[in-house]
J.: 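Sending over a structure as structure tokens; questions will come in a sec.
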Amino acid sequence: MTRPFRFGVNLMTPSDGGEWRTKCRRAEELGYDVILVPDHLGMPAPFPAIVAAAEATERPRLGTFVLNAGFWNPTLLAREVAATDALTGGRLELGLGAGYVKAEHDAAGLPFGTPGERVSHLQHTVGELDRLFALPGHRPQPLQRPRPPYLIGGNGDRMLKLIAAHADIAAFTGARTEPGAPGGVPTVLTAAQLEERVAAYRRLATGRAEPAELNLLIQMVVPTDDRRAVIRSSLKLIPHLTEDEALELPILLIGTTAQMAGQLREQRERYGFSYITVLEPGMEAFAPVIEELHGS
């Protein structure tokens, strides 16, 4: 069954209280279904920002996109999650990931570890959250029972296995971090490579009682009548791709409103992505696409 579209925006710029609430209200006015906050140093602190977003809005759900599990002790995280879910009226969607920027761990004085160690810590975190929320005497308890929905993002085989077992929302970035990459900068996956990762996830998720919602993070939204001119100016950022390969990337929305809406419909058919997230710089530019796809 084809899921209806949902749209989220990841708000990354720290703001004072008034500016933050104004921005969140604007996202609601534009039709976004979910207001999201990342978990990077130099960006908004996730849980206070989510609570403030709830106070400023009525309709959107609110989420982390995504928490770096390496920053969090699972027991303390359970307290934050439960309190935030209660304070937002049960609107929380908990996004979780393994973390990928070594410099942030170094700055925080936290171990970075190997990719395998980071995935193991995320797996432990998910298990502890489930265990703690299931304890009748655990306080505080989240308003949503047995817990808020989990969005878990990743591309590697172990991550996909974890996502298939635990995530209510399976999130794909369309990029992967290569071992030893400077600054943890991800390498963009081609359309075919992303399709293979989604197929691998679907194999691992066979037999789930309830299929997960599939999320895609869009990296760029550019309204234009000349898609090739825009992509040529961006090829230096993706030198391993040809112009045609770049134009096929699911994580780039370039074109007219009709072209971008058509691309998302085609990607929902091909990959199953029905929950689309854009970054804050694209919030206004993407709004006409939301209007075009509303209710579909």
Side-chain angles (χ1 to χ4, degrees), residues 6-15 20-21 23-24 27-28 32-57 60-101 104-105 108 110 118-119 121-130 132-133 140 142-144 146-154 159 162-163 166-173 212-218 275-280 283:
R6 282 205 307 158
F7 302 104
V9 58
N10 204 23
L11 300 181
M12 306 179 295
T13 307
S15 310
W20 180 257
R21 290 175 175 85
K23 184 162 50 178
C24 292
E28 182 173 29
Y32 285 94
D33 302 291
V34 193
I35 294 172
L36 299 152
V37 185
D39 189 19
H40 290 289
L41 298 184
M43 295 187 185
F47 293 115
I50 285 172
V51 172
E55 293 172 350
T57 61
R61 291 184 64 78
L62 308 152
T64 54
F65 199 86
V66 293
L67 292 184
N68 176 353
F71 285 174
W72 297 91
N73 170 287
T75 301
L76 299 180
L77 178 58
R79 180 187 65 179
E80 299 296 312
V81 170
T84 301
D85 191 49
L87 290 170
T88 60
R91 293 158 66 186
L92 179 65
E93 295 181 0
L94 181 63
L96 296 163
Y100 63 92
V101 184
E104 293 187 347
H105 285 248
L110 295 169
R118 295 197 298 279
V119 174
H121 179 68
L122 174 58
Q123 187 167 19
H124 171 68
T125 298
V126 171
E128 279 296 284
L129 290 175
D130 283 349
L132 291 168
F133 292 149
L143 190 60
Q144 299 176 87
R147 56 166 175 75
Y150 290 163
L151 176 151
I152 305 178
M159 278 297 299
L162 176 63
I163 293 167
H166 296 282
D168 304 286
I169 305 162
F172 294 83
T173 64
E213 186 178 29
L214 268 58
N215 170 274
L216 179 66
L217 175 61
I218 301 295
Y275 176 11
I276 308 301
T277 300
V278 300
L279 300 173
E280 182 176 344
M283 182 173 84

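All of these numbers come straight from a predicted model, not from anything done at the bench.
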J.: I want to check something: taking the side chain as every heavy atom from C-beta on, are R147 and L94 in contact at a cut-off of under 4.5 Å?
T.: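 With C-beta onward as the side chain, the pair stays apart.
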J.: What I'd like to find out is whether the side chain of W72 reaches to under 4.5 Å of the side chain of T125, using heavy atoms alone.
T.: no
J.: Looking at OG1 of T75 and CD of E80, how far apart are the two atoms once the value is rounded to the nearest 0.5 Å?
T.: 12.0 Å
J.: Is there a donor-acceptor pair closer than 3.5 Å between any side-chain N or O of D168 and the backbone N or O of Y150?
T.: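 Flag set: sc D168 to bb Y150 pair under 3.5 Å.
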J.: Specify the closest pair of heavy atoms between A69 and H121, including all atoms of both residues, with the distance to one decimal.
T.: O-NE2, 2.9 Å
J.: Quick one: does Q144's side chain have a donor or acceptor within less than 3.5 Å of a partner on G90's backbone?
T.: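 At least one qualifying donor-acceptor pair exists.
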J.: Can you tell me how far CG of L77 sits from CD of E128, rounded to the nearest 0.5 angstrom?
T.: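 Reported value, rounded in 0.5 Å steps: 11.0 Å.
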J.: For residues L11 and P44, determine if any side-chain heavy atom of one lies less than 4.5 Å from a side-chain heavy atom of the other.
T.: no
J.: Tell me whether N10 contacts the main-chain N or O of L279 through its side chain, where contact means a donor paired with an acceptor under 3.5 Å.
T.: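 Side chain of N10 to backbone of L279: no pair is present.
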J.: Keeping D39 on the side-chain end and T64 on the backbone end, is there a donor-acceptor pair under 3.5 Å?
T.: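 Not at all, since once roles are kept as given, no pair shorter than 3.5 Å links the two residues.
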J.: Using the side chain to side chain contact (heavy atoms under 4.5 Å, CB included) rule, take V34 and F65 through it: C-alpha gap first, then chi angles, then the decisive distance, then the call.
T.: CA-CA 11 Å; V34 193; F65 199 86; over 6 Å; no
J.: To the nearest 0.5 angstrom, please state how far the NZ atom of K23 sits from the CE atom of M283.
T.: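 The NZ atom of K23 sits 7.5 Å away from the CE atom of M283.
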J.: Rounded to the nearest 0.5 Å, what separation is found between the CD atom of E93 and the OG1 atom of T88?
T.: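 Those atoms lie 10.5 Å apart.
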J.: What closest approach, in Å, do P148 and P142 show between heavy atoms, and which atom pair accounts for it?
T.: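 Where P148 meets P142 most closely, the heavy atoms are CD-CB, 3.9 Å.
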J.: Within the structure provided, determine whether I152 and M159 are in side-chain contact (heavy-atom separation under 4.5 Å).
T.: yes
J.: Return the minimal non-hydrogen interatomic distance between L122 and A98, and the atom names on each side.
T.: CD2-N, 3.9 Å
J.: If you compare all heavy atoms of I163 against all heavy atoms of G154, which two are closest, and at what distance to 0.1 Å?
T.: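 Scanning both residues, the minimum pair turns out to be CD1-N, 3.7 Å.
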J.: I need the W20 CH2 to E55 CD distance, nearest 0.5 Å.
T.: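 Here the interatomic distance stands at 12.5 Å.
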J.: With a 4.5 Å heavy-atom cut-off, do H105 and N68 have their side chains touching?
T.: yes
J.: For the residue pair L151 and A171, what are the closest heavy atoms and their distance?
T.: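 Heavy atoms only, the tightest pair is CD2-CB, 3.6 Å.
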J.: If we only count heavy atoms from C-beta on, is the P140 to R79 side-chain gap below 4.5 Å?
T.: yes
J.: At their closest point, which heavy atom of E280 faces which heavy atom of M12, and how far apart are they?
T.: OE1-N, 2.6 Å
J.: Are P149 and R61 side-chain neighbours, meaning at least one heavy-atom pair lies under 4.5 Å?
T.: yes
J.: Can a donor-acceptor pair be found, under 3.5 Å and without considering hydrogens, that links the side chain of R91 to the backbone of P60?
T.: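 Yes, because the side chain of R91 sits within donor-acceptor range (under 3.5 Å) of the backbone of P60.
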J.: Rounded to the nearest 0.5 Å, what's the gap from OH on Y32 to CZ on R6? Could you check?
T.: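 Rounded to the nearest 0.5 Å, the OH-CZ separation comes to 14.5 Å.
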J.: Of V51, L143, I50, L92, which meets side chain to side chain contact (heavy atoms under 4.5 Å, CB included) against L87?
T.: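 That would be V51.
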J.: Do the side chain of S15 and the main chain of T13 share a donor and acceptor less than 3.5 angstrom apart?
T.: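 Checking the backbone N and O of T13 against the side chain of S15, a donor-acceptor pair under 3.5 Å is found.
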J.: Does any donor atom in the side chain of T277 or N215 lie under 3.5 Å from an acceptor atom in the other side chain?
T.: yes
J.: So that I know where these two stand, are F71 and H40 an aromatic pair - ring centroids less than 6.0 Å apart?
T.: no
J.: Do V81 and F47 have side chains that get closer than 4.5 Å, going by heavy atoms?
T.: yes
